[in-house]
Amino acid sequence: RVCPGSPDLCLVLFADLHRSGLGGPSSCWLSRTESELRCRVPGGKLCSDRGRCECGVCICQVTESGKYYGPLCECHDWVCEIYDGKICAGTCQCGRCKCANSEGNGLVYGKFCECDDRECLDDETEEVCTGHGKCYCGNCYCEAGWHGDKCEFQCDITPWEIKKRCTSPDGKICSNRGTCVCGECTCHDVDPTGDWGDIHGDTCECDERNCKAVYDRYSDDFCSGHGQCNCGMCDCKEGWTGKKCEHPRSCPLSAEESAKKCQGNSNLPCSGRGRCECGQCTCFPPGDNRVHGKNCECDDRQCENMDGNVCGGRGICSCGRCICQDGWFGKLCQHSRKCNMTEEESRSLCESADGILCSGKGSCHCGKCICSPQEWYISGDFCECDDRDCDKHDGLICTGNGVCSCGNCECWEGWNGNACEIWLGREYP
């Protein structure tokens with residue numbers, strides 16, 4: 001039994017012979033134990049539970065072209081297609097992105113090949129960041145005294161003087177709200193409309209956002225409309241008090257008593273969705289009856305998908321929660337209790353590349369993952385996302401004005417910003 005080439009080739013040839021019926025049971029010279037040993041993945045499963053073992057060779061189950069392949073049926077190309085909004089920028093091999101590094105320099109890398117350090121190379125010298133900085137994922141981070149996209153410009157003052165000029169009163173560079181270039185701070189503008197930013201000052205020490213009450217965003221106002229904002233601090237008009245001039249002095253309740261009465265069972269006054277004045281909540285946006293309740297605790301927008309459909313048309317919304325019709329379940333009544341799949345077919349659609357069902361954080365129903373309701377923050381097609389990664393404002397994920405989709409806020413109409421904290425709709429008095 002001399003086989004040309006590698007022993008693996010012999011295994012394939014003998015396995016083919018065995019499957020074709022041209023050889024009897026003795027056509028495979030491996031014992032059953034040795035055959036299964038060759039087919040086992042490190043976790044102990046035969047052919048990753050996605051095929052059968054014949055003479056030490058895995059024969060993968062194929063329900064869709066190219067769905068499972070590899071020596072141990074371990075490969076899923078589909079995991080490369082899209083994840084967390086990113087697409088594999090290289091070629092997909094066995095469920096992993098292989099980056100295109102034609103020159104073998106390793107400058108293209110990342111889980112999705114999203115980092116291209118060739119962007120940091122100087123056009124003339126081909127030095128990384130002109131030799132005056134380090135490159136991280138296609139961006140140059142310059143040494144002290146240098147600046148520019150590729151650290152090509154030198155400052156005319158010493159690094160010590162640069163640091164001194166950019167250090168804010170609290171000892172931070174540009175108050176951690178800006179970028180220092182040659183001793184001058186460029187403050188981060190947080191307003192996507194292009195208006196003058198809320199952060200200013202020689203060292204970005206003034207943050208006007210500290211003057212904004214939750215409801216000020218609807219009127220583009222500061223200090224609840226009852227004061228003047230000076231470098232992030234409210235100076236209240238006569239008759240008003242509070243950190244953001246939100247409390248009328250004529251109110252028989254103290255500011256603390258008023259806020260507590262408006263808070264109810266929430267962590268925030270008016271659940272972060274309205275204005276508290278003398279213990280009474282006014283829910284926002286004005287005229288939107290989807291936000292309601294004594295403490296604005298009900299937000300029926302939570303029952304809508306991004307197309308505006310309430311409970312998928314298969315239920316009714318009650319205080320921000322869907323009550324589904326018979327035969328349907330899920331947060332938005334999106335799952336049918338009927339299923340025409342076998343258990344194996346269903347499981348195969350719920351497994352991630354490593355063979356784990358719903359990332360170990362949910363259950364599988366009819367080929368779709370249902371994430372654990374005890375862990376409200378878990379989401380995604382394979383329960384792979386953690387919604388706690390979404391930006392917060394006023395203590396609320398996506399400021400309560402959008403939904404978190406795999407770590408990114410998708411804002412409802414009229415809202416913008418990383419945390420859906422900026423109102424771009426019409427102003428209210």
Side-chain angles (χ1 to χ4, degrees), residues 76 78-88 95 97 111-112 114 266-268 271-273 290-291 297-324 328-337 339 341 346-413 415-421:
H76 285 219
W78 52 267
V79 297
C80 281
E81 290 178 7
I82 189 163
Y83 178 81
D84 197 22
K86 300 182 180 73
I87 299 173
C88 177
C97 275
K111 186 173 182 180
F112 307 99
E114 70 275 19
S266 172
N267 294 325
L268 296 167
S271 308
R273 303 185 186 105
R290 292 176 299 176
V291 182
E297 69 275 13
C298 297
D299 187 353
D300 290 349
R301 296 174 299 180
Q302 301 289 343
C303 293
E304 299 179 5
N305 61 18
M306 294 310 295
D307 295 325
N309 295 323
V310 177
C311 301
R314 307 181 188 102
I316 59 172
C317 186
S318 175
C319 196
R321 293 179 179 273
C322 285
I323 300 174
C324 304
W328 295 90
F329 69 104
K331 185 179 178 182
L332 297 175
C333 306
Q334 71 271 38
H335 298 300
S336 171
R337 295 192 182 277
C339 183
M341 289 184 182
S346 177
R347 285 180 63 90
S348 71
L349 294 173
C350 289
E351 287 182 353
S352 50
D354 50 12
I356 298 177
L357 194 74
C358 299
S359 306
K361 299 172 184 174
S363 58
C364 184
H365 175 76
C366 208
K368 293 186 180 295
C369 286
I370 300 172
C371 304
S372 172
Q374 286 77 27
E375 297 176 293
W376 59 267
Y377 46 84
I378 299 299
S379 65
D381 291 340
F382 297 95
C383 303
E384 76 279 16
C385 303
D386 189 333
D387 286 352
R388 292 175 297 183
D389 293 337
C390 268
D391 289 314
K392 292 182 181 180
H393 191 70
D394 295 329
L396 294 171
I397 289 175
C398 303
T399 325
N401 300 315
V403 294
C404 184
S405 177
C406 218
N408 294 301
C409 288
E410 292 184 357
C411 305
W412 287 316
E413 185 179 359
W415 294 96
N416 207 327
N418 290 338
C420 306
E421 77 278 21

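This is a predicted model, so every value here is computed, not measured.
Here the shortest heavy-atom pairing between Glu297 and Ser271 reads CA-OG, 3.4 Å. Between Gly367 and Met341 the shortest heavy-atom distance is N-SD, 4.0 Å. Across every non-hydrogen atom of Cys324 and Phe329, the tightest pair is SG-CA, 4.0 Å. Taking every heavy atom of both residues into account, Cys420 and Cys409 meet most closely at SG-CB, 3.7 Å. Listed here is the closest heavy atom pair of Cys406 and Ser379: N-OG, 4.2 Å.
The distance from atom CZ of Arg314 to atom CG of Asn309, rounded to the nearest 0.5 Å, is 9.0 Å. Annotation: the span from Glu351 atom CD to Ile356 atom CD1 amounts to 9.5 Å, rounded to 0.5 Å. One finds the NZ atom of Lys368 at 10.5 Å from the SG atom of Cys339 (value rounded to the nearest 0.5 Å). Taking OG of Ser359 as the start and CG of Asp386 as the end, the distance is 11.5 Å to the nearest 0.5 Å. Interatomic distance, NZ of Lys331 versus CZ of Arg321, reported as 9.0 Å (0.5 Å rounding). To the nearest 0.5 Å, the span separating SG on Cys369 from CG on Leu349 amounts to 9.5 Å.
Without hydrogens or angle criteria, Gln334 side chain to Leu332 main chain gives a donor-acceptor distance under 3.5 Å. Panel note: side chain Asn305, backbone Gly308; a donor-acceptor pair is recorded below 3.5 Å. Remark: side-chain polar atoms of His365 are paired, donor with acceptor, to backbone N or O of Ser336 under 3.5 angstrom.
Scanning for salt bridge (Lys or Arg N to Asp or Glu O under 4.0 Å) contacts around Arg290 gives Asp288, Glu304, with sequence neighbours left out. Residues passing the side chain to side chain contact (heavy atoms under 4.5 Å, CB included) test with Ile316 are Ile323, sequence neighbours excluded. By the side chain to side chain contact (heavy atoms under 4.5 Å, CB included) test, Cys311 pairs with Cys303, Cys317, Cys322, Cys333, sequence neighbours left out. Shown here are the salt bridge (Lys or Arg N to Asp or Glu O under 4.0 Å) partners of Arg337, two or more places apart in sequence or in another chain: there are none. Partners of Cys404 according to the side chain to side chain contact (heavy atoms under 4.5 Å, CB included) rule, which considers only residues two or more places apart in sequence or in another chain, are Asp387, Cys390, Ile397, Cys398. Residues that satisfy the salt bridge (Lys or Arg N to Asp or Glu O under 4.0 Å) test with Asp299, not counting sequence neighbours, are Arg273, Arg301.
Cysteines Cys383 and Cys358 keep their SG atoms at least 2.5 Å away from one another.
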**OP:** Using the side chain to side chain contact (heavy atoms under 4.5 Å, CB included) rule, take Lys361 and Phe382 through it: C-alpha gap first, then chi angles, then the decisive distance, then the call.
**Re:** CA-CA 9 Å; Lys361 299 172 184 174; Phe382 297 95; over 6 Å; no
Original post:
Can you check disulfide (SG to SG under 2.5 Å) on Cys298 and Cys319, steps first, answer last?
Top reply: CA-CA 4 Å; Cys298 297; Cys319 196; 1.9 Å; yes
